[in-house]
Amino acid sequence: MKIQAINGFKDILPGNVIRWQYIERCARDIFERFGMQEIRMPIMEKTELFVRSIGEATDVVEKEMYTFIDKGITMRPEATASIMRAFIEHGLHVQQPVQRLYTIGPMFRHERPQKGRLRQFHQLDAEIIGAVEPRIDAELIAMGQMLLDELGLKTSLEINSLGCPVCRPPFKARLITYLEQSIEHLCEDCKRRTHTNPLRVLDCKKPSCRALVVEAPSMLEALCPECDQHFQEVKEALQALRVPFQINRFMVRGLDYYTRTTFEFLTSDLGAQAAVGAGGRYDGLIEQLGGPPLSGIGFAMGMERIALLMEQDTESHLPAASMDIFLAALGSETLAPCSLLAHLLRQQGIRAAIDYSGRSLKAQLKQAGRVNARFTLIVGVDEWSRQEGILRDMTNQVQQPFDMSGTPEEQSLRLKQLLQTTIH
Ligand code: HAM
């Protein structure tokens, strides 16, 4: 019996890895333009870290975590909590008051797998820690938008504010009173959520809940003056950076640590999985985890979702993987010198492919085409005896003799120079 990968855990095959590498390159490039530095954390953390940050009454903590119960450790369902843990543990704020950090890697959630939703998925995660200004919110959101734009994706941006520990509790109480009045019309999940996590009812997708929620009190109208001011300034700063957005007063995030600004980058091209990326402010989180009273804001984008969108978009062209040269050794006596030549070229930074099977020239040229070689050096027995080879430009099939006299090092240097002058 063949062994297959676990449900919801997927291989990323070479043809697709090109796209993933491109996304990562673009992300690193843009993040670094904004002064972000990379951080890498372990994949497992103490379970308590996620319970205390993401929140006990969230779907992620209640039912989606991969936890080793006997060891008290969990495979990270997201990156923010781990970054905050590392930030506090290493006192990063002491070196630099504002830290701009990003990470790229796998996350694990036991969700029902479907298109764009996996159990092991990958996030591009960016966080700015230690800055309170609304312009920071706008700058971070604009950075996410820049990445999506450079990847050629068409998404929309929605923003909201979830208030703070001053204005949210009275709002929650009002919301509970409102929901209780019509509790029989809510779905089973929302009946329960009304008391455990009433804000979640606001973004329930079930039609009966939605109908009720339209009339529900709005957090945006209940913001305290400071949160209201912050939200106004975020909107103005986004406009100043020419980032288009819409306000969605029903947006509540699935993680409990958020305060004030929240946002989502959405697509209508992935069926039920609308969020390509999402994030927000988490001003109390670091202190709650035992660190200094610093605020933070960040987002994460789902790499599978980005890759799927790029795959669906026929207009997005990716550079195909390619080799600089293919060495077609014809006849057994040319194999040893050609394999050394390929090795020396590779030492000098040239992408060189070679076939040891001794197949016909036709078959080897076909192979050169398959690996997308820019040139093929054909070394036949007769040419080799005259210390010559034939260099074939694979783009126009033009051939020229190549001098194979001298030591292997001399041959490889001559070939490298020729390739460089011809390519550029
Ligand atoms: P999140 O909304 O849970 O936020 O996830 C962010 C993104 O990760 C989603 O928009 C989606 O693209 C992707 N994603 C989430 N779950 C899955 C899944 N099962 N399969 C595929 N993709 C998925 C966070 O994780 C926060 N830590 C974001 C953040 C950073 N907030 C502040 N800083």
Side-chain angles (χ1 to χ4, degrees), residues 7-10 12 20 23 27 31 36 39 41 45 49-50 53-55 58-61 63-66 75-85 87 99-129 131 136-137 140-141 143-144 147-148 151 153 155-160 162 200 203 251-267 269-286 295-310:
N7 190 18
F9 290 66
K10 252 183 146 173
I12 306 159
W20 281 66
I23 299 167
F31 291 170
M36 318 249 355
I39 180 169
M41 304 81 60
E45 297 276 358
L49 173 69
F50 302 118
S53 53
I54 296 172
T58 56
D59 284 353
V60 173
V61 169
K63 41 189 183 197
E64 295 170 1
M65 293 208 301
Y66 283 92
M75 291 168 79
R76 61 181 187 192
E78 57 112 49
T80 312
S82 304
I83 294 183
M84 296 314 127
R85 196 263 314 134
F87 172 87
Q99 286 278 334
R100 294 170 170 245
L101 301 170
Y102 78 88
T103 199
I104 302 177
M107 311 293 152
F108 304 86
R109 292 184 197 175
H110 191 267
E111 294 190 79
R112 190 135 37 86
Q114 48 177 267
K115 185 178 176 186
R117 192 161 79 195
L118 289 112
R119 291 179 170 170
Q120 176 179 325
F121 60 99
H122 298 74
Q123 285 186 342
L124 301 163
D125 183 290
E127 315 283 346
I128 302 182
I129 308 164
I136 288 285
D137 305 33
L140 182 95
I141 296 172
M143 179 175 81
L147 175 58
L148 295 167
L151 292 171
L153 303 182
T155 51
S156 59
L157 167 65
E158 292 185 354
I159 66 168
N160 192 22
L162 293 181
R200 290 294 299 178
D203 81 340
M251 184 207 303
V252 272
R253 308 274 304 114
L255 314 163
D256 273 359
Y257 48 63
Y258 291 110
T259 53
R260 295 192 168 172
T261 318
T262 55
F263 55 94
E264 290 184 341
F265 297 103
L266 302 165
T267 176
D269 298 335
L270 285 180
Q273 308 315 312
V276 181
R281 241 182 204 287
Y282 43 84
D283 287 346
L285 178 60
I286 297 171
S295 51
I297 181 162
F299 67 72
M301 300 216 183
M303 293 185 69
E304 282 77 7
R305 295 188 189 175
I306 293 179
L308 267 173
L309 285 174
M310 289 177 71

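Quick caveat: nothing in here was measured; it's all calculated off a predicted structure. Counting convention: from 1, in listed order, for ligands and their atoms alike.
- Residues Gln114 and Gln273 bring a donor and an acceptor atom of their side chains to less than 3.5 Å of each other.
- In this structure the side chain of Leu124 reaches within 4.5 angstrom of the side chain of Ile23, judged on heavy atoms.
- With sequence neighbours left out, Arg119 forms a salt bridge (Lys or Arg N to Asp or Glu O under 4.0 Å) with no residue at all.
- Donor-acceptor pairing under 3.5 Å is recorded for the side chains of Tyr257 and Thr80.
- With hydrogens and angles disregarded, a donor-acceptor distance shorter than 3.5 Å links the side chain of Thr103 to the backbone of Ile39.
- The two residues Ser295 and Ile286 have their closest heavy-atom pair at O-CD1, 4.2 Å.
- Residues of the protein with a heavy atom under 4.0 Å from ligand 1 are Glu78, Thr80, Arg109, Glu111, Gly116, Arg117, Leu118, Phe121, Gln123, Asp125, Glu127, Arg253, Leu255, Tyr257, Tyr258, Ala275, Val276, Gly277, Ala278, Gly279, Gly280, Tyr282, Gly298, Phe299, Ala300, Gly302, Arg305, listed by chain and number.
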